[in-house]
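In what follows, a structure is listed as structure tokens, so that the remarks can point back to it.
Order of the sequence lines fixes the chain letters, A, B, ..., with proteins taken first and strands second; residue numbering starts at 1 for each chain.
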Number of protein chains: 2
Amino acid sequence: MSTVTAATDLQCCPPITEAALDDETAHRLAGVFSVLGDPIRLRLFSLIASRPEGSCACDLVGPLGRSQPTISHHLKALHEAGLVDRERRGRWIWYSVRPKALLAAATLISC
Amino acid sequence: MSTVTAATDLQCCPPITEAALDDETAHRLAGVFSVLGDPIRLRLFSLIASRPEGSCACDLVGPLGRSQPTISHHLKALHEAGLVDRERRGRWIWYSVRPKALLAAATLISC
DNA sequence: GCTATATATCGATGCTTGCCAATATAGATA
DNA sequence: TATCTATATTGGCAAGCATCGATATATAGC
């Protein structure tokens, strides 16, 4: 996982088949891919994405067999990559996917 | 980058918003994402993808400022992840993108 | 304020990965 | 066979990352 600029908007870009990526764009996009490149993070992301209303962090710690600090660490990575939104509700924090993030990646990849 | 089963067909699977990924699927897909999660590999992939006829490995060593063994190493990773095809032509080896790979990832991500 | 709960951060550790120099392999040509 | 070229593999190192226990922060309710 490379360093990622915190929580910036994920911009859409032309499909990857259109033109070779420049260095800066490649770094930015690779950052997103590398965040999805860890099985635990990908499952976290899919758990969040599978619920339209989002997920409470408290429901994400149990299912994956990792400690609370580890889950928190991965959620932070997903958030900083711009893949999920966070919202505090009282004592709990709710995570939900950012549709823009999905769109950007899909646009990149689709031919 | 996690270990990836060599050059298997990338299967399409339901969009990530449909249902949470099981462990095995997450590992397989995360393997693909992590391969695209390195800036040099992503640029290599985009260089290959930007030419319909594919690219000779000899044309991929220069542009990215990495040694020949390093480029070869990354090309192997792209190939083993099922993202690109290889074909020997005399002394040269040609790489081309596998459309199925793009489709699978796009399907996963699109809502 | 005090306590309980939910989440984040810190510090340390072991594993993984990107990188290069050196070397090996494989095909072409003579 | 010998030689040249293109690509792959090996070995080793340094940096990065996933992980956990311990601790800190923040909110709710008393």
Readout for nucleotides 19-30 of chain D: B = base within 4.0 Å of protein heavy atom, S = sugar-phosphate only, - = neither; 5' to 3' it is BBBB----BS--

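Residues meeting the side-chain contact (heavy atoms from CB on, under 4.5 Å) test with Arg91(B), sequence neighbours left out: none. Taking Ser96(A) as the reference, Asp85(A) meet the side-chain contact (heavy atoms from CB on, under 4.5 Å) condition, with sequence neighbours excluded. The salt bridge (Lys or Arg N to Asp or Glu O under 4.0 Å) check on Glu24(A) picks up nothing, with sequence neighbours excluded. Scanning for side-chain contact (heavy atoms from CB on, under 4.5 Å) contacts around Arg88(A) gives Ile93(A), with sequence neighbours left out.
Each side chain to side chain donor-acceptor pair (under 3.5 Å) pair with one or both residues in residues 52-62 of chain A, not counting sequence neighbours, would appear here, but there are none.
Here the P atom of nucleotide dA6(C) and the CG atom of Leu75(A) are 16 Å apart, to the nearest Å. Whole-Å rounding puts the Leu64(B) CG to dG18(C) P distance at 14 Å. Taking atom CZ of Arg41(B) as the reference point, atom C1' of dC19(C) lies 12 Å away to the nearest angstrom. What separates CD of Glu80(A) from P of dA8(C) is a distance of 11 Å, to the nearest Å. The NE2-P distance, from His27(B) to dA18(D), rounds to 12 Å in whole Å. Between the P atom of dT5(D) and the CG atom of Asp59(B) lies a distance of 17 Å, rounded to the nearest Å. Protein atom CG of Leu78(B) is 16 Å distant from nucleotide atom C1' of dT7(D), rounded to whole Å.
Contact between the side-chain N/O atoms of Arg86(A) and the OP1/OP2 oxygens of dT7(C) is not found at any separation under 4.0 Å.
For the atom pair CZ of Arg66(A) and CG of Leu60(A), the computed distance is 14.5 Å after rounding to the nearest 0.5 Å.
Residues Lys76(B) and Trp92(B) both approach DNA chain D. Their nearest nucleotides, taken by heavy-atom distance, put Trp92(B) toward the 5′ side.
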